[in-house]
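Report on the following structure.
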Amino acid sequence: MQGQYKALWLDKDNNLEVLDQRVLPFEETTVTITNTQETIEAIKNMTVRGAGIIGNVAGFGVYLACRESNGDIEKLIYLAEQIRESRPTAVNLMWAVDRMMETLLNSDLHDLELTQELLEEAIKIADEDCMRTEKIAQYGADIIEEIMLNREIDTFDILTHCNAGWLAIVDSGTALAPIYEAKKRGINIHVWVDETRPRNQGANLTAWELSKAGVEHTVIADNTGGHLMQNHMVDMVITGADRVARNGDSANKIGTYLKALSAKDNNIPFYIALPSSTFDFTTLDGVRDIPIEIRSENEVKYMRGMDSDGEIKEFQIVQSQSPALNYGFDVTPARLITGLLTERGVCDANVDAISEMFEDLI
Ligand code: RUB
């Protein structure tokens, strides 16, 4: 891929360009990231968001940190640590920084040559994610085909939560990758898109991605999923993940857990799609130990949107004196998950199956 992906790419000076995900779907603009501080800001303020992309941007961030460190390795290690701490839940961030640091520590190159080596490693990480998401697309579409055959249905209704498409991980996405592949295979597919309050990644990003790809979809308020499942309007639920523990417990955008409970109650397959870089093999119990990000209460109290004159504005929707609480993620216990859809195939969500399939990475 040579460092050119749909949601991020390198400019002629080898700075990182990213799509600004804060302003989609109303504006399509890019942000240029040239140094560590800009990398950290872009991850923190969610110019880029989604576990996979955060990892990729962090990888390129370490290369940019090297470029700005002028051979000062201690400074570079310090800057890399700052990038590593920019968001707490998506483990791809830590994984990518650690891999870049391993390259650094094993290298006997200096200055420009070292910077070039780190750039190549960041590209390699992103290229590998591309390959993983391609495989997830194939395995996921196979499952969709199988369910359709068994149930003899004409249109396949999938429910997804948040955004786990090509905006969230290069270059096909995780949860959306099988959907794009199923469409390519000629399957009639329709997606229920949870709006995903408070930041509306479903309404703003997933709906935008799906329309660009010509995939039929309907945006629903987050509370609608249970009713749809109870009324046989959902054939499968599939979401991405920010961190999957060794026992299969999976952290994803807040609200995912409720969808999994409802899917279980209604006997609907519930899949988590993830590349192996989203596993945290050192965390043994996800519900107990995955760190959950708490973000600003203003994300709950304000909403951004377009007014009737076409102007983009932020609106307050909660009275000032009421406090709000904003957990970014929740953890779906492994017992509610039908399967983990990975680049190596479908893995049962339990410690034995994960240990067996990913033995070489643990
Ligand atoms: C994003 C989110 C996404 C996963 C998907 O949260 O929860 O579902 O990150 O990642 P946020 P992937 O918008 O707060 O970053 O595409 O790697 O599965």
Side-chain angles (χ1 to χ4, degrees), residues 5-8 18-22 24 42-59 86-96 125-126 128-130 132-137 140 159-180 193-206 208-209 222 237-244 250-257 259-260 270-280 290-296 299-300 326-332 337 340-343:
Y5 313 93
K6 284 187 259 183
L8 77 166
V18 297
L19 265 181
D20 188 346
Q21 300 195 28
R22 295 167 303 175
L24 287 171
I43 293 174
K44 280 194 169 170
N45 70 22
M46 293 174 67
T47 302
V48 283
R49 35 60 53 205
I53 287 276
I54 294 175
N56 296 140
V57 169
S86 51
R87 283 189 79 186
T89 302
V91 78
N92 310 59
L93 168 63
M94 297 88 195
W95 173 86
I125 290 174
E128 287 170 10
D129 271 346
C130 278
R132 295 184 186 110
T133 60
E134 262 312 305
K135 295 253 168 68
I136 289 170
L159 183 140
T160 192
H161 190 71
C162 197
N163 172 263
W166 60 260
L167 287 167
I169 178 164
V170 291
D171 218 5
S172 316
T174 51
L176 297 192
I179 292 170
Y180 294 136
V193 178
D194 281 348
E195 61 175 347
T196 321
R197 281 279 290 147
R199 286 192 66 105
N200 300 314
Q201 291 94 327
N204 289 341
L205 305 177
T206 298
W208 179 80
E209 265 199 42
D222 287 333
V237 181
I238 181 165
T239 75
D242 291 85
R243 188 187 291 234
V244 176
S250 301
N252 190 52
K253 182 52 53 192
I254 191 82
T256 304
Y257 172 38
K259 299 302 138 83
F270 180 95
Y271 284 92
I272 296 274
L274 74 149
S276 51
S277 45
T278 304
F279 276 112
D280 173 1
I290 293 178
I292 299 296
E293 179 175 17
I294 299 178
R295 296 185 59 86
S296 161
E299 292 182 350
V300 176
N326 184 12
Y327 282 108
F329 302 91
D330 59 25
V331 180
T332 299
I337 298 169
L340 302 169
L341 185 49
T342 77
E343 74 267 20

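Residue numbers count from 1 along this sequence. Keep in mind that the numbers below use all heavy atoms, side chains included, and drop hydrogens, waters and symmetry copies. This structure is a prediction, so every number in the text was calculated from the model and none was measured. Both ligands and their constituent atoms are indexed starting at 1 by order of listing.
Remark: R197 does not engage D222 in a salt bridge, criterion side-chain N to carboxylate O under 4.0 Å. Under a 4.0 Å N-O distance rule, the pair E293/R295 qualifies as a salt bridge. The pair R132-E343 counts as a salt bridge, with a side-chain nitrogen and a carboxylate oxygen less than 4.0 angstrom apart.
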Can you check side chain to side chain contact (heavy atoms under 4.5 Å, CB included) on Y327 and T89, steps first, answer last?
-> CA-CA 11 Å; Y327 282 108; T89 302; over 6 Å; no

Given R199 and K253, is the side chain to side chain contact (heavy atoms under 4.5 Å, CB included) satisfied, shown in steps?
-> CA-CA 10 Å; R199 286 192 66 105; K253 182 52 53 192; 6.0 Å; no

For the pair I254 and F329, evaluate side chain to side chain contact (heavy atoms under 4.5 Å, CB included) and give the outcome as yes or no after the intermediate values.
-> CA-CA 4 Å; I254 191 82; F329 302 91; 5.7 Å; no

Worked verdict on F279 versus L274 for side chain to side chain contact (heavy atoms under 4.5 Å, CB included) = CA-CA 8 Å; F279 276 112; L274 74 149; 3.8 Å; yes

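At a 4.0 Å cut-off, not a single heavy atom of T278 sits close enough to ligand 1 to count as contact. Between G50 and ligand 1 there is a heavy-atom distance shorter than 4.0 Å.
At a 4.0 Å heavy-atom cut-off, ligand 1 does not touch R199 at all. Residue contacts with ligand 1 for R87 involve side-chain atoms from C-beta outward but no N, CA, C or O (heavy atoms, distance under 4.0 Å). At a heavy-atom distance under 4.0 Å, atoms from both the backbone and the side chain of A51 approach ligand 1. The backbone of N163, and not its side chain, has at least one atom closer than 4.0 Å to an atom of ligand 1 (non-hydrogen atoms only; backbone = N, CA, C, O). At a heavy-atom distance under 4.0 Å, only backbone atoms of A241 (N, CA, C or O) approach ligand 1.
Against a heavy-atom cut-off of under 4.0 Å, A168 is close to the following atoms of ligand 1: 16 (O). When each atom of ligand 1 is checked for a heavy atom of N252 under 4.0 Å away, the hits are 2 (C), 3 (C), 4 (C), 7 (O), 8 (O). Atoms of ligand 1 found under 4.0 Å from any heavy atom of M46 (numbered from 1 in listed order, with element): 11 (P), 13 (O), 14 (O). Atoms of ligand 1 lying under 4.0 Å from any heavy atom of F329, numbered from 1 in the order shown and given with element: 6 (O), 7 (O), 14 (O). Counting the atoms of ligand 1 from 1 in the order shown, those under 4.0 Å from a heavy atom of A164 are 5 (C), 16 (O). Set against the non-hydrogen atoms of Q201, the atoms of ligand 1 under 4.0 Å away are 11 (P), 13 (O), 14 (O). Remark: ligand 1 atoms within the under-4.0 Å shell around heavy atoms of K253 are 6 (O), 7 (O), 11 (P), 14 (O). Residue G52 approaches ligand 1 through these ligand atoms, each under 4.0 Å from one of its heavy atoms: 17 (O).
Contact check for L205 versus L24: side-chain heavy atoms found under the 4.5 Å cut-off. Proximity of P275 to T174: side-chain heavy atoms (C-beta onward) are separated by under 4.5 Å at one or more points. Taking the side chain as every heavy atom from C-beta outward, V170 and K6 never approach each other to under 4.5 Å. Side-chain contact between T256 and C162 is absent, with no heavy-atom pair separated by less than 4.5 Å.
Which of Q21, R49, H161 comes nearest to atom 1 (C) of ligand 1 through a heavy atom is settled by distance: it is R49. Remark: among candidates I169, T133, T160, the nearest residue to atom 16 (O) of ligand 1 is I169, based on non-hydrogen atoms. Taking each of L205, D129, D242 in turn, the one with a heavy atom nearest to atom 2 (C) of ligand 1 proves to be D242.
The neighbour count for K135 NZ, taken as heavy atoms of other residues, nucleotides or ligands under 6.0 Å away, does not exceed 12.
Distance from atom 12 (P) of ligand 1 to its nearest protein heavy atom, with residue and atom name: T174 OG1, 3.5 Å.
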